Amino acid sequence: MKEVFNFSAGPAMLPKEVMEKAQSEFTNWRDLGCSVMEVSHRGKDFIEIAAKAEQDLRDLLSIPSNYHVLFTHGGGRGQFAAVPLNLSNANDTSLHLVSGSWSKGAVDEANKYNHAKVVGEVSEKDGCHYVAQPQLSDIDQSAAYYHFCPNETVDGIAFDWLPESGKVPLVSDMSSTILSQPLDVAKHGVIYAGAQKNIGPSGLSVVIIREDLVGKARKETPSIFDYALAAKSDSMYNTPPTFSWYLAGLVFEWLKDMGGVDAMAKRNAEKAALLYSAIDSSDFYSSKVHPDNRSKMNVPFHLANAELDGLFLRQSQEAGLLALKGHRSVGGMRASIYNAMPVEGIVALVEFMREFERVNG
Ligand SMILES: *Cc1c(COP(=O)(O)O)cnc(C)c1O
């Protein structure tokens with residue numbers, strides 16, 4: 001099989017080493033003669049790797065001991081509902097910074113359960129998408145929480161500052177950026193992430209939540225979304241997505257072997273710089289995102305002549321560069337370059353882009 005580089009936004013590629021390890025023990029895990037997905041989540045073997053996965057994640061992100069780590073169902077969107085149900089009453093206000101389509105999705109879902117108020121939105125600066133930090137004076141200090149998404153997967157919009165929230169707990173949707181760089185967990189009330197971008201297979205989401213925010217769920221909260229039940233039962237109130245949890249654990253081990261999130265941040269910065277410089281150094285390609293807000297994980301770019309999009313996609317796929325089609329709401333191309341994407345993948349993409357421009361430019 002020829003080598004391919006998979007730029008899918010999610011479910012996204014997983015590290016090759018992890019996939020090979022999973023393959024090597026697929027039908028005979030721990031010499032039990034069966035797969036990890038065929039054993040009880042309450043058995044000693046699974047509990048051991050589940051606990052190790054949590055500990056490795058705690059180590060990787062230096063998660064303080066007054067935070068719970070929950071492994072839950074329902075993906076990122078599940079948390080769009082779980083957060084308002086656990087953190088607010090029907091009359092409460094939740095604050096939202098809308099930097100792209102996922103943080104907008106969180107507003108729409110929260111509005112079913114509380115009064116969601118938008119405190120900031122994407123604007124334009126120098127003809128590009130730009131996110132300004134909302135003023136602290138505009139942050140209603142009686143709000144239940146303040147939700148934001150530091151990396152917008154669809155739009156490729158990111159910001160590296162933390163919204164100023166006063167005493168309102170910050171809730172961050174880190175589905176597409178968790179583990180890509182160091183993170184100060186203690187400044188957040190809740191961090192959540194659907195797994196299928198930077199953690200493992202879909203079906204799992206990780207929630208990191210400060211202890212004092214747990215135990216306030218409304219009575220109508222579905223039990224499987226109740227953070228207190230999840231915390232009390234070590235995320236095994238009902239059957240968790242065991243295979244996804246196992247594979248996430250392998251990814252955490254891989255990250256540790258790679259030098260942790262500091263090493264990842266360095267590699268991710270290098271990868272993004274390579275790709276953006278290829279885009280910026282040519283009139284054939286362009287980015288619509290302001291340099292201050294360019295994502296290091298999801299890189300949308302456009303061809304000057306959109307009529308060439310189809311040809312670009314066909315030929316890139318033939319060259320082993322997969323899933324470069326931009327989201328339908330944005331158009332153009334998008335290269336998702338999460339932790340698992342090696343530098344060689346970016347080098348191959350940039351070479352392809354140069355050659356495509358030479359022939360068609
Ligand atoms: C993918 C994604 C989601 C939605 O995840 P699902 O698991 O499909 O529900 C939410 N937020 C962000 C930032 C995402 O990238």
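As the structure is a computational prediction, the values presented were derived from the model and not from experiment. Index from 1, following the sequence.
- Between Met174 and His188, the closest side-chain pair of non-hydrogen atoms falls below 4.5 Å.
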Using distance only, find each side-chain donor-acceptor pair of residues 307-326 under 3.5 Å and give its atom names and separation, not counting sequence neighbours.
residue	atom	partner	partner atom	Å
Ser316	OG	Phe312	O	2.8
Ser316	OG	Leu313	O	3.0

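- Between the side chains of Arg218 and Ser88, at least one donor-acceptor pair of N or O atoms lies under 3.5 Å.
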task = Applying side chain to side chain contact (heavy atoms under 4.5 Å, CB included), run through Leu70 and Ile209 and close with a yes or a no.
result = CA-CA 8 Å; Leu70 312 175; Ile209 179 166; 4.2 Å; yes
ask   = For Tyr145 and Asn114, what are the C-alpha separation, side-chain angles and deciding distance, and is it a side chain to side chain contact (heavy atoms under 4.5 Å, CB included)?
value = CA-CA 11 Å; Tyr145 60 90; Asn114 62 30; 3.3 Å; yes
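- With a 6.0 Å radius and a threshold of 12 heavy atoms from other residues, nucleotides or ligands, Lys271 has its NZ atom above the threshold.
- Other residues, nucleotides and ligands contribute more than 12 heavy atoms inside 6.0 Å of the CE atom of Met37.
- Side-chain contact check for Asp155 versus Val289: every heavy-atom pair is 4.5 Å or farther apart.
- In this structure, CG on Leu85 lies 9.0 Å from OH on Tyr227, to the nearest 0.5 angstrom.
- A 4.5 Å side-chain heavy-atom check between Tyr338 and Thr153 finds at least one atom pair inside the cut-off.
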query = Are Val207 and Ile191 close enough, and set up right, to give a side chain to side chain contact (heavy atoms under 4.5 Å, CB included), and what steps lead you there?
reply = CA-CA 6 Å; Val207 179; Ile191 292 166; over 6 Å; no
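- The side-chain heavy atoms of Phe71 and Pro240, taken from C-beta on, include no pair separated by under 4.5 Å.
- Atom-to-atom distance recorded for Glu54:CD and Ile208:CD1 is 9.5 Å, nearest 0.5 angstrom.
- Note on Leu250 and Val69: same hydrophobic cluster, where clusters join Ile, Leu, Val, Met, Phe, Trp and Tyr whose side-chain heavy atoms are under 4.5 Å apart, directly or indirectly.
- Between the side chains of Ser35 and Thr27, no donor-acceptor pair of N or O atoms lies under 3.5 Å.
- Between Tyr246 and Trp29, the two ring planes are perpendicular [angle over 60°; tilted spans 30° to 60°].
- Between Asn28 and Asp31, the side chains place a donor N or O and an acceptor N or O closer than 3.5 Å (distance only, hydrogens not considered).
- Residue-environment remark: CG (Asp283) stays at or below the threshold of 12 foreign heavy atoms within 6.0 Å.
- Atoms CD1 and CD, on Ile346 and Glu351 in that order, are 12.0 Å from each other to the nearest 0.5 Å.
- Asp56 has a carboxylate O that lies under 4.0 Å from a charged side-chain N of Lys256, or vice versa, which qualifies the two as a salt bridge.
- Distance alone, capped at 3.5 Å, places no donor-acceptor pair between the Asp140 side chain and the Thr93 backbone.
- Annotation for Glu220: atom CD counts as buried by contact number, over 12 foreign heavy atoms lying within 6.0 Å.
- When all heavy atoms of Ser99 and Cys149 are compared, the closest pair comes out as OG-O, 3.2 Å.
- Atom CD1 of Ile49 is separated from atom NZ of Lys44 by 11.5 Å, given to the nearest 0.5 angstrom.
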task = Could you go through the salt bridge (Lys or Arg N to Asp or Glu O under 4.0 Å) check for Arg358 and Glu355 one step at a time?
result = CA-CA 5 Å; Arg358 194 185 65 75; Glu355 179 61 12; 2.8 Å; yes
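- There is no side-chain donor-acceptor pair under 3.5 Å between Gln133 and Trp161.
- One distance of note links CG of Asp92 with CG of Asn89; it measures 5.0 Å at 0.5 Å rounding.
- Partner of His147 under the side chain to side chain contact (heavy atoms under 4.5 Å, CB included) criterion, out of Asp173, Val190, Leu97, Leu170: Asp173 alone.
- A donor and an acceptor atom, one from each side chain of His290 and Asp126, are located under 3.5 Å apart.
- When side chains are defined from C-beta on, Tyr285 counts as touching Leu303, because their heavy atoms get closer than 4.5 Å.
- Among all heavy-atom pairs drawn from Pro64 and Ala186, the shortest one is CG-CB, 4.2 Å.
- In terms of heavy-atom proximity, His41 sits nearest to Met236 at O-SD, 3.3 Å.
- Within a 6.0 Å sphere centred on CD of Gln141, other residues, nucleotides and ligands contribute more than 12 heavy atoms.
- In this structure, His327 contributes its side chain and Ser329 its backbone to a donor-acceptor pair below 3.5 Å.
- Under a 4.0 Å N-O distance rule, the pair Asp280/Arg294 qualifies as a salt bridge.
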task = Apply side chain to side chain contact (heavy atoms under 4.5 Å, CB included) to the pair Asn268 and Gln181, showing each step before the final yes or no.
result = CA-CA 8 Å; Asn268 288 329; Gln181 57 185 32; over 6 Å; no
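- More than 12 non-hydrogen atoms from other residues, nucleotides or ligands lie less than 6.0 angstrom from NZ of Lys2.
- Using a 4.0 Å cut-off between charged side-chain N and carboxylate O, Glu357 and Arg354 make no salt bridge.
- The side-chain heavy atoms of Val185 and Tyr67, taken from C-beta on, include a pair separated by under 4.5 Å.
- Between the side chains of Asp226 and Thr221, no donor-acceptor pair is found at a separation under 3.5 Å.
- We find that Glu25 and Lys21 are joined by a salt bridge, their nearest charged nitrogen and carboxylate oxygen being less than 4.0 Å apart.
- Of all heavy-atom pairs between Leu136 and Glu164, the closest is CD1-O, 3.7 Å.
- A salt bridge does not link Lys104 with Glu121: none of the charged nitrogens is closer than 4.0 Å to a carboxylate oxygen.
- Cluster membership check: Val251 shares its hydrophobic cluster with Leu183, using side-chain heavy-atom separations under 4.5 Å among Ile, Leu, Val, Met, Phe, Trp and Tyr.
- Heavy atoms from other residues, nucleotides or ligands lying under 6.0 Å from CZ of Arg328 number 12 at most.
- For the pair Ile279 and Val299, the minimum side-chain heavy-atom distance is below 4.5 Å.
- The minimum heavy-atom distance between Ser281 and Ala278, with the atom names listed, is OG-O, 3.3 Å.
- In the model, Ser180 has no side-chain atom that pairs as donor or acceptor with a side-chain atom of Asn339 under 3.5 Å.
- Side-chain contact annotation: Ser103 with Glu152, donor-acceptor N/O pair under 3.5 Å present.
- In the hydrophobic clustering of ILVMFWY residues, with side-chain heavy atoms under 4.5 Å counting as a link, Phe243 and Ile199 come out together.
- Taking the six-membered ring where the residue is Trp, Phe46 and Trp245 present perpendicular rings, their angle passing 60° and hence far from 30°.
- By the 4.5 Å heavy-atom criterion applied to side chains, Met297 and Lys197 are not counted as neighbours.
- Placement of Val206 and Met264 within a single hydrophobic cluster is found when ILVMFWY residues are connected by side-chain heavy-atom separations under 4.5 Å, directly or transitively.
- The heavy-atom pair separating Cys34 from Glu38 by the smallest distance is CB-OE1, 3.3 Å.
- Distance check, rounded to the nearest 0.5 Å: NE2 of His68 to CD1 of Ile63 gives 12.5 Å.
- Residues Leu57 and Ile47 share a single hydrophobic cluster, defined by chaining ILVMFWY side chains whose heavy atoms lie under 4.5 Å apart.
- A salt bridge between Glu124 and Lys288 is absent, with no side-chain N of the basic residue lying under 4.0 Å from a carboxylate O of the acidic one.
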